[in-house]
Asker: 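Following this message is one structure expressed as structure tokens.
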There are 2 protein chains.
Amino acid sequence: MTEFNSRRLEIDALRVLWSVRRHGGVTRAAEALGLSQSAVSHKIKRLEVSLDCDLLSRKSGAGMFTAAGEDLLDYAERILGLHDEALLSLTKTPLAGRIALGLTEDTTCTDLARILGRFRRLHPDVAVRTKVRMSLVLRAMLERGELDAAFVQIFAHEVRPTDIVLFREQLYWVKHPDLPLPLSGPIPFLSFDDECFYRQWALDIGQDGDTLFETVFECASAAGIVSAVTSALGVALLNGRHLRPEMEIITNRLPTPPALAYVVRRARKARNPALDTLVAEIENEVSRYGGLTLAS
Amino acid sequence: MTEFNSRRLEIDALRVLWSVRRHGGVTRAAEALGLSQSAVSHKIKRLEVSLDCDLLSRKSGAGMFTAAGEDLLDYAERILGLHDEALLSLTKTPLAGRIALGLTEDTTCTDLARILGRFRRLHPDVAVRTKVRMSLVLRAMLERGELDAAFVQIFAHEVRPTDIVLFREQLYWVKHPDLPLPLSGPIPFLSFDDECFYRQWALDIGQDGDTLFETVFECASAAGIVSAVTSALGVALLNGRHLRPEMEIITNRLPTPPALAYVVRRARKARNPALDTLVAEIENEVSRYGGLTLAS
DNA sequence: TGCCGCGATCGAAATTTGTCATGTGCAATG
DNA sequence: CATTGCACATGACAAATTTCGATCGCGGCA
């Protein structure tokens with residue numbers, strides 16, 4: 001009772017454990033944390049030894065964690081939350097002001113929500129207004145000065161030095177295995193709606209001569225495209241998060257799709273200390289965890 | 001912004017900080033934590049450096065902590081609470097049962113409350129019944145088997161091997177400076193009520209010949225005695241927690257008062273796994289912090 | 001003024017933590 | 001069924017951090 005229970009947890013180890021869950025594996029967690037794989041492995045092992053119980057269930061099959069592990073993760077999450085907030089509150093300068101923020105639908109229910117929530121708690125005198133639009137619209141609003149900053153998806157090669165990259169992702173051509181690619185004539189294309197900024201890229205690639213694609217389906221939500229693909233209605237451009245096992249990735253006959261990035265982009269505008277702080281917090285989070293994640 | 005804020009707190013350091021407040025000083029905290037004074041000093045210094053702000057205000061006069069320090073302590077307390085609970089929850093076996101517990105008034109609003117609260121949260125199926133009585137009464141109830149365990153005050157020399165000592169304290173003879181001790185005749189005595197177990201000790205010491213004391217004031221609460229002393233009504237036996245600067249400690253003419261101890265004492269009784277666990281938790285807390293504290 | 005108690009600081013020693021290199025188990029593959 | 005690839009574990013060693021004992025400096029106090 002004395003030796004193993006008197007041993008204490010350390011925040012660092014909890015963060016590693018948490019990162020393992022978040023990134024789904026020791027190796028990935030290590031990458032994200034900027035550590036070697038063995039360091040992460042060791043840290044967890046030490047945690048296990050000091051607690052005298054297993055946390056990772058090295059069984060294939062079931063979940064990655066043991067019951068004790070899941071249990072601890074619960075606490076870890078709360079402790080880490082407090083920890084990060086404590087850190088922020090120490091550097092807190094009384095802020096007031098107004099922030100107009102643009103989000104995409106994708107980003108509303110993820111890490112960003114947590115960060116925004118915490119920000120409002122720490123700085124109750126800052127009025128944060130958020131608008132949810134598609135990336136193209138948000139970019140236009142930024143240009144027109146209607147927003148102070150926005151979370152937008154752009155082509156990787158469009159990233160500006162002042163953007164903060166939240167994470168990068170790759171687009172894939174996908175179709176259902178049952179759908180044969182027509183050897184000649186247009187390929188049936190499942191497209192996001194007009195405002196989708198990489199739909200243009202897809203429609204532009206067939207320009208040399210005849211049209212490569214024929215848009216047979218148009219839908220604003222990823223979920224709609226996903227189900228159209230699985231119904232073998234046609235070919236679509238999807239990012240990694242939306243891939244499903246039953247989808248087939250097309251690697252020949254079509255040009256490699258461009259890489260994408262989710263970034264925070266600020267408006268060229270007057271100083272805004274409140275926004276500075278918020279952006280700094282996001283940067284912090286990104287650098288600590290090696291990017292943010294979205295729910296898939 | 002990047003370098004000092006990206007640095008992380010560690011639970012250990014927070015515990016040290018907290019211990020410094022709790023024990024009112026670096027040196028005491030070190031003792032309680034079983035570390036050297038320099039280790040504690042260093043740990044705090046490191047914390048300060050990594051946060052790039054002062055936590056202890058080395059000024060004489062005002063409080064021991066800076067505003068940032070107090071701020072951090074707030075979070076530290078919450079983080080430590082979660083930490084300890086996490087640790088406990090990992091070793092948790094589903095407990096059920098019933099515990100009859102005796103407390104003194106002194107112990108109701110201190111660390112014990114925190115431990116009991118946590119215990120009930122972690123083991124909702126254990127019914128904890130508490131009774132608040134004076135130490136003498138509690139001891140009798142223990143003997144009669146009406147309680148499973150009790151937190152009682154006893155003479156230090158009465159501590160049994162099976163008792164868990166929560167902390168020790170010393171009694172002092174005190175009076176107001178304005179009150180002269182009569183050179184002959186009985187000394188005016190301010191006494192707790194009948195059930196106070198060391199009142200007997202005081203009344204017994206005059207037995208060789210005439211009565212040394214005359215009880216001029218009797219009150220069940222320490223607050224009453226304190227104000228009677230400051231009103232120069234007489235002489236009283238008080239423990240360190242109740243000493244006030246304006247009181248004068250009498251060191252001659254009266255025998256040195258006995259040392260006291262607050263202990264957890266269990267009834268000689270059948271096994272009670274729930275009680276075992278609770279007692280183990282208390283032992284843990286005591287060994288980690290070198291005793292519990294009471295509000296003065 | 002000289003003596004405490006308390007905390008800061010320094011160098012050396014001990015402990016902890018991270019890395020590289022390597023080993024093991026498990027699946028998919030030819 | 002050997003082979004390859006992947007993900008994680010482990011061991012040895014180097015680097016960094018933490019602790020300790022000793023010593024110093026500072027403010028109260030007799």
Side-chain angles (χ1 to χ4, degrees), chain A residues 3-4 6-66 69 240 245 248-249 288 290, chain B residues 3-4 6-51 53-66 69 240 245 248-249 251 288 290:
Chain A
E3 206 31 83
F4 72 94
S6 72
R7 261 287 175 254
R8 50 224 177 286
L9 306 174
E10 40 176 313
I11 294 205
D12 241 28
L14 294 181
R15 198 182 296 287
V16 166
L17 189 71
W18 188 75
S19 205
V20 167
R21 177 175 66 179
R22 179 203 179 102
H23 293 98
V26 173
T27 307
R28 281 151 212 282
E31 260 168 62
L33 292 166
L35 289 177
S36 69
Q37 172 265 319
S38 61
V40 170
S41 211
H42 268 144
K43 260 200 137 85
I44 297 213
K45 168 62 83 183
R46 277 176 210 132
L47 195 55
E48 289 182 320
V49 168
S50 88
L51 292 172
D52 191 37
C53 71
D54 284 5
L55 298 173
L56 297 188
S57 81
R58 277 81 175 179
K59 320 284 168 198
S60 66
M64 184 169 347
F65 297 91
T66 63
E248 179 185 317
I249 297 178
R288 163 171 289 154
Chain B
E3 205 33 81
F4 71 95
S6 71
R7 262 283 171 260
R8 50 223 172 284
L9 306 174
E10 39 176 312
I11 293 198
D12 239 30
L14 295 181
R15 197 182 296 288
V16 167
L17 189 70
W18 188 75
S19 204
V20 167
R21 176 176 66 180
R22 178 201 179 103
H23 292 98
V26 173
T27 307
R28 282 151 216 278
E31 258 169 64
L33 293 166
L35 290 176
S36 70
Q37 172 263 319
S38 65
V40 169
S41 209
H42 260 143
K43 261 199 138 88
I44 299 216
K45 168 62 82 182
R46 259 178 258 131
L47 197 55
E48 289 181 322
V49 168
S50 86
L51 293 172
C53 72
D54 284 3
L55 298 173
L56 298 189
S57 80
R58 277 80 174 179
K59 320 282 169 199
S60 65
M64 184 168 347
F65 297 91
T66 62
E248 180 185 317
I249 297 177
T251 51
R288 163 170 288 154

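Side-chain atoms are counted along with the backbone in the values below, which use heavy atoms only and exclude waters and symmetry mates. Letters go in sequence order (proteins before strands), and every chain restarts at 1.
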Asker: Given dA8(C), dC8(D), dT19(D), which nucleotide is nearest the side-chain atoms of Ala39(B)?
Answerer: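 Within the option list, the nearest is dT19(D).
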Asker: Measuring to OP1 and OP2 of dG7(C), would you say a side-chain N or O of Thr27(B) lies under 4.0 angstrom away?
Answerer: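 Yes.
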Asker: Roughly how many Å is it from CD in Glu48(B) to P in dG7(C), rounded to a whole number?
Answerer: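 Atom CD in Glu48(B) sits about 13 Å away from atom P in dG7(C).
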Asker: Between Val40(B) and Thr27(B), is any pair of side-chain heavy atoms under 4.5 Å apart?
Answerer: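 The answer is no, as the side chains (C-beta and beyond) never meet within the 4.5 Å cut-off.
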Asker: Rounded off to whole Å, could you give me the CG-to-C1' distance for the Leu35(A) and dA7(D) pair?
Answerer: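 It is 17 Å, rounded to the nearest whole Å.
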Asker: Roughly how many Å is it from CG in Asp12(A) to C1' in dG18(C), rounded to a whole number?
Answerer: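 It works out to 12 Å between those atoms.
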Asker: Report, as yes or no, whether the 6.0 Å neighbourhood of atom CZ on Arg28(B) holds more than 12 heavy atoms from other residues, nucleotides or ligands.
Answerer: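 No, the 6.0 Å shell around CZ holds no more than 12 heavy atoms from other groups.
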Asker: Using whole Å, what does the distance between atom P of nucleotide dC8(D) and atom CG of Asp54(A) come to?
Answerer: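 My rounded result for the distance is 15 Å.
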Asker: Rounded to whole Å, please give me the gap between CZ in Arg15(B) and P in dT18(D).
Answerer: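 Computing the Arg15(B):CZ to dT18(D):P distance gives 16 Å.
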Asker: Once you round to the nearest 0.5 Å, how far does CG of Asp12(B) lie from CG of Leu17(B)?
Answerer: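 So the gap between those two atoms works out to 12.0 Å.
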Asker: Can you tell me the distance, in whole Å, between the CD atom of Glu31(B) and the P atom of dC20(D)?
Answerer: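 Answer to the nearest Å: 13 Å.
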Asker: Whole-Å distance between dA8(C) C1' and Lys43(B) NZ?
Answerer: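 Nearest whole value for this atom pair: 17 Å.
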Asker: Within the structure shown, what part of the strands sits under 4.0 Å from Glu10(B) by heavy-atom distance: base, sugar-phosphate, or nothing?
Answerer: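 It contacts sugar-phosphate atoms only.
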Asker: Just compare dC20(D), dA9(D), dT19(C) and give me whichever is closest to any side-chain atom of Leu56(A).
Answerer: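 Ranking dC20(D), dA9(D), dT19(C) by closest atom to the Leu56(A) side chain puts dA9(D) first.
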Asker: Write down the atom of Val16(A), the atom of Ile44(A), and the distance for their closest heavy-atom approach.
Answerer: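 Closest pair (atom of Val16(A), atom of Ile44(A), distance): CG1-CG1, 3.9 Å.
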Asker: So, do Arg8(A) and Ile11(B) sit near enough that their side-chain heavy atoms are less than 4.5 Å apart?
Answerer: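 Side chain of Arg8(A) against side chain of Ile11(B), heavy atoms only: no contact under 4.5 Å found.
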Asker: Under 4.0 Å between a side-chain N or O of Arg46(B) and OP1 or OP2 of dT18(D)?
Answerer: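 It does, given that an N or O in the side chain of Arg46(B) lies less than 4.0 Å from OP1 or OP2 of dT18(D).
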Asker: Between the protein and nucleotides 11-16 of chain D, are there any N/O to N/O pairs under 3.5 Å, and if so, what are the atom names and distances?
Answerer:
none

Asker: Between the base of dA7(D) and the side chain of Gln37(A), is there a donor-acceptor distance below 3.5 Å?
Answerer: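 Answer no: no donor N or O sits under 3.5 Å from an acceptor.
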Asker: Looking at every strand, decide which applies to Ser41(A) at a 4.0 Å heavy-atom threshold: base, sugar-phosphate, or nothing.
Answerer: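 Here Ser41(A) touches the bases of the nucleic acid.
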Asker: Count the heavy atoms belonging to other residues, nucleotides or ligands that lie under 6.0 Å from CZ of Arg21(A), then report whether that count exceeds 12.
Answerer: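 Counting neighbours around CZ of Arg21(A), more than 12 heavy atoms of other residues, nucleotides or ligands fall under 6.0 Å, so yes.
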Asker: Any donor and acceptor pair, going by atom type alone, linking the side chain of Glu48(A) with main-chain N or O of Leu55(A) inside 3.5 Å?
Answerer: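 Indeed, once roles are kept as given, a pair shorter than 3.5 Å links the two residues.
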Asker: Tell me: NZ of Lys45(A) to P of dT17(C), nearest whole Å?
Answerer: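 To the nearest whole Å, that distance equals 16 Å.
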Asker: Ignoring backbone atoms, establish whether Arg28(B) has a side-chain N or O less than 4.0 Å from OP1 or OP2 of dC6(C).
Answerer: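 Answer yes for this pair, as a side-chain N or O of Arg28(B) is under 4.0 Å from OP1 or OP2.
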